[in-house]
Amino acid sequence: MNSQINQRTKGKVYLVGAGPGDPELLTVKALKTLRKADVVFYDDLVSPRILGVCRKKIQMVYVGKRLGVHSCLQDEINDKLIQAASEFKTVVRLKGGDPSIFGRVGEEYASLLAEGISCEIVAGITTASGVASSLGFPLTHRDYAREILFLSGHKKDGVNSDAFKNLNCVGKTIIVYMGLNSIDLIVSELLEAGNSKETNIAIIQNATLDTERVFTGNLDSIQSIIKENQVKSPAILVIGEIVRFYLEMENLKNDCSSILSPL
Ligand code: SAH
């Protein structure tokens with residue numbers, strides 16, 4: 001433990017989830033924590049409207065790590081948080097979605113506790129839940145999916161192909177975070193594993209934001225759909241029968257609106 005820093009430590013660090021983008025999906029606890037923050041460290045997935053809830057004139061520090069572009073290494077972020085806790089009472093590390101899901105919160109939590117710094121995780125709504133509510137489908141349904149898998153398309157040293165090897169999609173809702181850049185490999189692994197070409201997939205860009213875009217297809221078509229529509233990050237993949245449920249609900253909504261609309 002670094003006793004020099006520890007002696008000076010007076011602050012507490014909150015590792016806060018900002019939700020998937022829509023500011024209304026911020027939890028009350030996250031909002032309260034942001035409003036008392038003296039300094040906020042944020043990354044790419046936090047929308048400007050959420051940063052806007054903080055008090056004026058506090059320090060806002062960008063520590064994003066866009067895929068493939070060096071900005072701030074994890075160790076540097078850990079050090080910045082430790083340093084900030086010695087200078088400020090309330091330090092917030094704000095992350096997209098839920099910090100405990102593919103959010104590297106574990107590294108930050110461990111490094112802060114190792115320095116004797118008081119630290120708390122504030123849950124956020126993960127993108128999977130945000131997207132399900134925004135589009136209007138459940139992640140589980142007794143007739144479509146009894147299991148959910150949250151997978152990452154990316155791991156520390158590149159594509160996370162192991163996660164998709166021998167993966168049977170039947171009866172599951174599979175949510176792939178960070179899957180856009182690995183789509184070719186994901187599709188080939190899933191076909192190799194014996195899944196039908198007709199297996200449904202949706203890709204959602206900017207979920208829950210005004211700029212949200214949704215595309216649906218299957219294992220055969222999704223790569224060209226992504227290319228043709230120039231889908232960009234952040235985007236999340238939803239794989240499985242639940243996508244068919246979503247399409248059925250969309251049809252119902254269209255049918256209803258044509259019945260209800262005046263002739
Ligand atoms: N902790 C976050 C996930 C971080 S991993 C959470 O719980 O949601 C980063 C990935 O999350 C992105 O590559 C993308 O796949 C997904 N993501 C985050 N925000 C998103 C959004 N608004 N729309 C679509 N995907 C999003």
Side-chain angles (χ1 to χ4, degrees), residues 14-27 29-30 34 41-51 62-69 71-72 74 77 92-109 121-137 139 148-160 163-164 173-187 201-216 222 225-226 229-240 242-243 246:
Y14 295 84
L15 305 168
V16 179
D22 176 357
E24 298 215 328
L25 293 179
L26 205 55
T27 65
K29 195 165 188 175
L34 279 171
F41 294 87
Y42 67 98
D43 50 35
D44 304 291
L45 291 173
V46 176
S47 78
R49 280 176 67 204
I50 287 176
L51 296 177
Y62 172 74
V63 288
K65 294 170 279 196
R66 276 174 226 276
L67 194 67
V69 181
S71 33
C72 237
Q74 189 61 55
I77 297 174
V92 168
R93 169 70 174 111
L94 189 61
K95 291 161 174 282
D98 182 352
S100 66
I101 296 179
F102 303 127
R104 304 193 193 180
V105 81
E107 282 109 306
E108 290 166 17
Y109 195 66
I121 298 174
V122 178
I125 292 181
T126 191
T127 308
S129 304
V131 95
S133 63
S134 169
L135 299 191
F137 69 88
L139 293 173
I148 315 178
L149 275 182
F150 286 178
L151 300 177
S152 167
H154 192 78
K155 60 180 180 181
K156 241 181 186 174
D157 51 359
V159 178
N160 187 15
F164 302 90
T173 298
I174 301 165
I175 308 289
V176 188
Y177 293 78
M178 295 174 275
L180 183 61
N181 294 314
S182 324
I183 190 66
D184 294 346
L185 203 112
I186 292 171
V187 167
I201 308 194
I203 185 151
I204 303 96
Q205 178 181 336
N206 292 340
T208 79
L209 291 163
D210 297 341
T211 49
E212 179 177 271
R213 297 165 80 208
V214 188
F215 302 99
T216 55
I222 195 71
I225 290 174
I226 288 173
N229 295 287
Q230 298 183 25
V231 179
K232 299 269 182 314
S233 190
I236 196 157
L237 288 165
V238 180
I239 306 175
I242 209 70
V243 175
Y246 160 69

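Counting starts at 1 for both ligands and their atoms, in listed order. What's counted below: heavy atoms across the whole structure, side chains too, no hydrogens, waters or symmetry copies.
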- Message: What I'd like to find out is whether the side chain of Asp43 reaches to under 4.5 Å of the side chain of Arg93, using heavy atoms alone.
- Response: yes
Sub-4.5 Å side-chain heavy-atom contact between Leu151 and Asn160: no
For [atom], the protein heavy atom that lies nearest, with its residue and separation:
atom: atom 26 (C) of ligand 1; value: Thr127 CG2, 3.5 Å
atom: atom 4 (C) of ligand 1; value: Phe102 O, 3.4 Å
atom: atom 10 (C) of ligand 1; value: Met178 CG, 3.8 Å
atom: atom 11 (O) of ligand 1; value: Tyr177 CD2, 3.4 Å
atom: atom 21 (C) of ligand 1; value: Ala207 N, 3.6 Å
atom: atom 2 (C) of ligand 1; value: Gly96 O, 3.2 Å

Say whether Pro20 and ligand 1 are in contact under the criterion: heavy-atom distance to a ligand atom below 4.0 Å. yes
Output for pair (Leu237 CG, Leu180 CG), nearest 0.5 Å, gives 7.5 Å
At under 4.0 Å between heavy atoms, what of Ala235 touches ligand 1? The answer is backbone
Contact region, Leu45 to ligand 1, non-hydrogen atoms below 4.0 Å, reads side chain
Restricting to heavy atoms, the pick from Thr126, Val131, Val105 nearest atom 6 (C) of ligand 1 would be Thr126
In terms of its nearest heavy atom to atom 3 (C) of ligand 1, the top option of Ile101, Asp44, Asn206 is Ile101
The atoms of ligand 1 lying under 4.0 Å from a heavy atom of Ile204, numbered in the order shown, are 24 (C)
For Ile236, the atoms of ligand 1 under 4.0 Å from one of its heavy atoms are 24 (C), 25 (N)
What is the minimum heavy-atom distance between [X] and [Y], and which atoms define it?
X: Val46; Y: Lys95; result: CG2-C, 4.0 Å
X: Pro20; Y: Ile125; result: CD-O, 3.3 Å
X: Leu94; Y: Leu51; result: CD2-CD2, 3.9 Å
X: Ser47; Y: Gly21; result: OG-O, 3.2 Å
X: Gly17; Y: Pro99; result: CA-CD, 3.3 Å

Per side-chain contact (heavy atoms from CB on, under 4.5 Å), Ile148 is matched among Ile174, Leu139, Ile242 by Leu139
Practice problem: Kindly confirm or rule out an N or O of Asp98 lying under 3.5 angstrom from an N or O of ligand 1. | Solution: yes
